[in-house]
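Note that this is a predicted model, so its numbers are computed, not measured.
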Amino acid sequence: MNEKVKLTPAQIAARHPSDTFQDLLDLETAPVPDALRDTTNTYLGSEDLGVERYISRQFFDREVAKIWRKTWQVACRESRLCKPGDYFVYDIVNDSILLTRTEAGELKGFYNSCLHRGRALKRGAGNADILRCPYHGWSWKLDGAFDSAPCLWDFPHVDAQANTLPQVRVATWGGWVFINMDDAAPELAQYLEVLPAHMNQWKHEQRYVSLHVEKVIAANWKVVLEAFIESYHAIATHPQLMPFQAIDNSQYDVWGDHVSRTITAYGVPNPSHADQFTEQESMDAMMALAGSEDRPQLAPGQTAREKLAEINLPAVNEQSGEDFTGRATMSEMMDSTLYLLFPNFAPWAGHGTVITYRHRPNGDDVDSCIMDIFLLTRYPEGTEPPPDAPIFRLGIDEPFSDAAHVMGAGLSNVFNQDGANLPQVQKGLKASKKGAVTLGNYQEVRIRHFNQTLDKYLNA
């Protein structure tokens with residue numbers, strides 16, 4: 001869809017002239033994965049985007065029909081559906097999808113609606129040997145085949161063989177369960193584009209959910225998603241990150257229609273602030289954000305980036321049951337390497353514990369959304385994973401700091417800073433006399449890529 005054009009000097013001028021992320025990779029002593037070397041300089045235009053895509057009910061309704069009912073989207077982790085009889089309900093706008101693990105071990109997805117009088121068959125998650133409607137007792141087997149109903153003599157017009165639950169498509173990748181309501185959509189493997197080739201080495205399927213926070217935010221789902229596919233905002237919004245994150249020269253990449261990425265290096269002061277911090281001060285700031293009282297001292301000539309990798313290595317080895325000494329780059333041990341799979345699935349890459357984001361509408365409300373934050377932690381191959389963490393839910397008026405006891409003070413504070421911006425973005429978009437938003441050519445190219453793909457689906 002998007003023709004790649006080399007940036008002119010004027011177009012790339014916003015990128016800080018200091019060392020790039022690729023220059024940092026040149027300093028690695030371990031083999032650098034091809035995925036990290038795969039980078040694009042892509043110019044996708046400079047036109048403003050109209051605010052109606054964030055505030056219009058008509059635009060939102062088109063998204064329901066053309067995006068949420070046409071694309072592959074993450075419903076849950078496979079760990080939710082381990083045993084025969086396990087079920088999980090995934091709701092998106094006004095659609096409700098019932099996922100089950102059959103007795104034969106297959107994953108199935110059904111529209112969560114009784115074929116008698118329409119009641120939702122299940123809610124939440126659990127285990128059942130049959131899908132029985134609580135209203136009148138009509139029942140289906142785990143594979144969707146009709147089982148029974150009270151007083152079946154009164155329904156001679158119902159063909160039991162034809163009375164199976166309508167299905168949606170289900171597929172898996174990286175330990176995640178995806179659904180798609182469009183029978184004509186491409187297979188998930190094709191839809192994922194470069195993502196598996198890049199990400200499979202980091203084994204997201206061999207992880208458990210060590211944290212899951214679900215927060216309702218008073219802003220359109222795209223407003224919130226877009227805040228997490230650019231690092232440009234961190235300069236003003238997250239000043240505590242300047243000692244150890246190279247925000248100015250984050251690397252931005254896009255591939256095809258569905259995949260994009262930001263890589264922001266850790267252990268490196270922000271280039272615009274580099275003369276304000278020593279390597280030791282950079283190290284101290286990282287430890288403070290992590291909530292640690294330790295202040296490891298750097299050896300003569302050692303960088304904060306090298307020290308942090310040294311500190312992270314034993315924990316990563318223990319979690320994974322592997323020895324990454326000499327095998328893992330510093331980047332894979334610490335950097336923020338954040339992908340996006342259109343429309344709303346955003347997994348981080350790396351060997352350690354990684355974040356994954358998901359953003360979706362809050363029911364059919366244009367002006368609010370649900371943001372899921374998952375932490376995925378490796379466990380050794382051949383062992384039983386720890387149980388997934390329970391979901392910690394935050395309402396629209398509950399700040400991320402209310403989850404500080406599960407997220408940690410440093411991480412919850414970063415999300416609090418974002419949470420303070422996003423409802424005000426929604427308010428400002430509605431008040432806009434300009435009626436449009438302006439994007440940087442490079443630092444916000446992922447937002448333009450996302451919206452160009454969005455428009456492609458809406459206009460299909």
Side-chain angles (χ1 to χ4, degrees), residues 1-26 32-50 53 67 71-72 186 190-199 222-223 225-235 245-265 270-271 331 335-350 357 359 436-460:
M1 179 188 72
N2 301 313
E3 182 181 356
K4 295 182 178 179
V5 180
K6 287 290 185 181
L7 295 176
T8 67
Q11 290 159 352
I12 203 170
R15 190 169 192 179
H16 198 275
S18 69
D19 293 343
T20 67
F21 173 73
Q22 292 297 312
D23 294 322
L24 288 175
L25 291 183
D26 292 339
V32 176
D34 291 342
L36 299 182
R37 289 296 194 187
D38 185 5
T39 183
T40 61
N41 283 337
T42 307
Y43 174 63
L44 298 180
S46 301
E47 299 81 10
D48 286 350
L49 299 178
R53 66 183 52 236
I67 304 297
T71 58
W72 286 99
Q190 179 183 348
Y191 186 91
L192 291 171
E193 298 175 348
V194 304
L195 199 64
H198 277 217
M199 294 281 287
K222 297 182 298 299
V223 166
L225 181 148
E226 290 172 7
F228 292 90
I229 58 173
E230 51 89 356
S231 295
Y232 177 51
H233 74 280
I235 299 170
Q245 283 195 24
I247 302 295
D248 287 351
N249 60 6
S250 294
Q251 178 176 299
Y252 299 95
D253 302 298
V254 301
W255 298 274
D257 288 340
H258 298 134
V259 182
S260 66
R261 179 182 69 185
T262 304
I263 306 179
T264 301
N270 188 49
S331 178
D335 289 341
S336 168
T337 302
L338 175 60
Y339 287 78
L340 174 69
L341 178 70
F342 185 86
N344 69 332
F345 173 59
W348 284 36
Y357 302 129
H359 306 89
V437 299
T438 299
L439 301 175
N441 290 337
Y442 182 69
Q443 296 186 92
E444 294 168 317
V445 69
R446 295 183 69 197
I447 297 176
R448 191 174 299 282
H449 177 258
F450 166 80
N451 280 280
Q452 288 181 354
T453 298
L454 183 82
D455 289 343
K456 176 182 179 180
Y457 275 89
L458 295 181
N459 296 326

Can you name the closest pair of heavy atoms from A246 and P271 and give their distance?
CA-CD, 3.9 Å
Has the side chain of N344 got a donor or acceptor atom that lies under 3.5 Å from a matching backbone atom of H359?
yes
Output yes when a side-chain donor or acceptor of N459 lies under 3.5 Å from a complementary backbone atom of D455, and no otherwise.
yes
Of all heavy-atom pairs between L338 and F228, which one has the smallest distance, and what is that distance?
CD2-O, 2.8 Å
Tell me whether Y357 contacts the main-chain N or O of L225 through its side chain, where contact means a donor paired with an acceptor under 3.5 Å.
no
Looking at E193 and H258, would you say the former's side chain and the latter's main chain have a donor-acceptor pair under 3.5 Å?
yes
To the nearest 0.5 Å, what is the distance between OG1 (T453) and CG (L458)?
10.5 Å
At their closest point, which heavy atom of T264 faces which heavy atom of I247, and how far apart are they?
CG2-CD1, 3.9 Å
Please say which of L195, T40, D253 ends up in a side chain to side chain contact (heavy atoms under 4.5 Å, CB included) with R261.
D253
If we ignore angles and hydrogens, is there a donor and acceptor under 3.5 Å between the side chains of T20 and N249?
no
Determine the sole option in Y232, Y442, F450 for which the ring pair (Phe, Tyr, Trp, His ring centres under 6.0 Å) test with Y252 is passed.
Y442
Output all residues satisfying side-chain hydrogen bond (donor to acceptor under 3.5 Å, both in side chains) with E230, sequence neighbours left out; order by chain, then residue number.
H233
Between OG1 of T39 and CH2 of W255, what distance do you get to the nearest 0.5 Å?
7.0 Å
Candidate list E444, Q452, R446, test side chain to side chain contact (heavy atoms under 4.5 Å, CB included), partner R448, passing option
Q452
Considering residues, nucleotides and ligands other than D34, do more than 12 of their heavy atoms fall under 6.0 Å from its CG?
no
Just so I know, are the side chains of M199 and P347 near enough to count as touching, which here means a heavy-atom distance under 4.5 Å?
yes
Contacts of T71 that satisfy side chain to side chain contact (heavy atoms under 4.5 Å, CB included) - sequence neighbours left out
I67, Q73, Y191, F342, P343, Y457
Quick one: does N270's side chain have a donor or acceptor within less than 3.5 Å of a partner on D248's backbone?
yes
For a quick test of reading the model, state the closest non-hydrogen atom pair linking T262 to I229 and the distance between them.
OG1-O, 3.6 Å
What are the two closest heavy atoms between L36 and Q22, and how far apart are they?
O-NE2, 2.9 Å
Search all heavy atoms of P186 against all heavy atoms of Q190 and return the closest pair with its distance.
CB-OE1, 3.5 Å
Atom CG in L454, atom CG in L49: separation rounded to 0.5 Å?
10.0 Å
Reported CD-to-CG distance for the pair Q251 and L24, which is rounded to 0.5 angstrom:
10.0 Å
Any residue meeting ring-ring contact (aromatic ring centres under 6.0 Å, His included) with Y339, in chain and number order, not counting sequence neighbours
H198
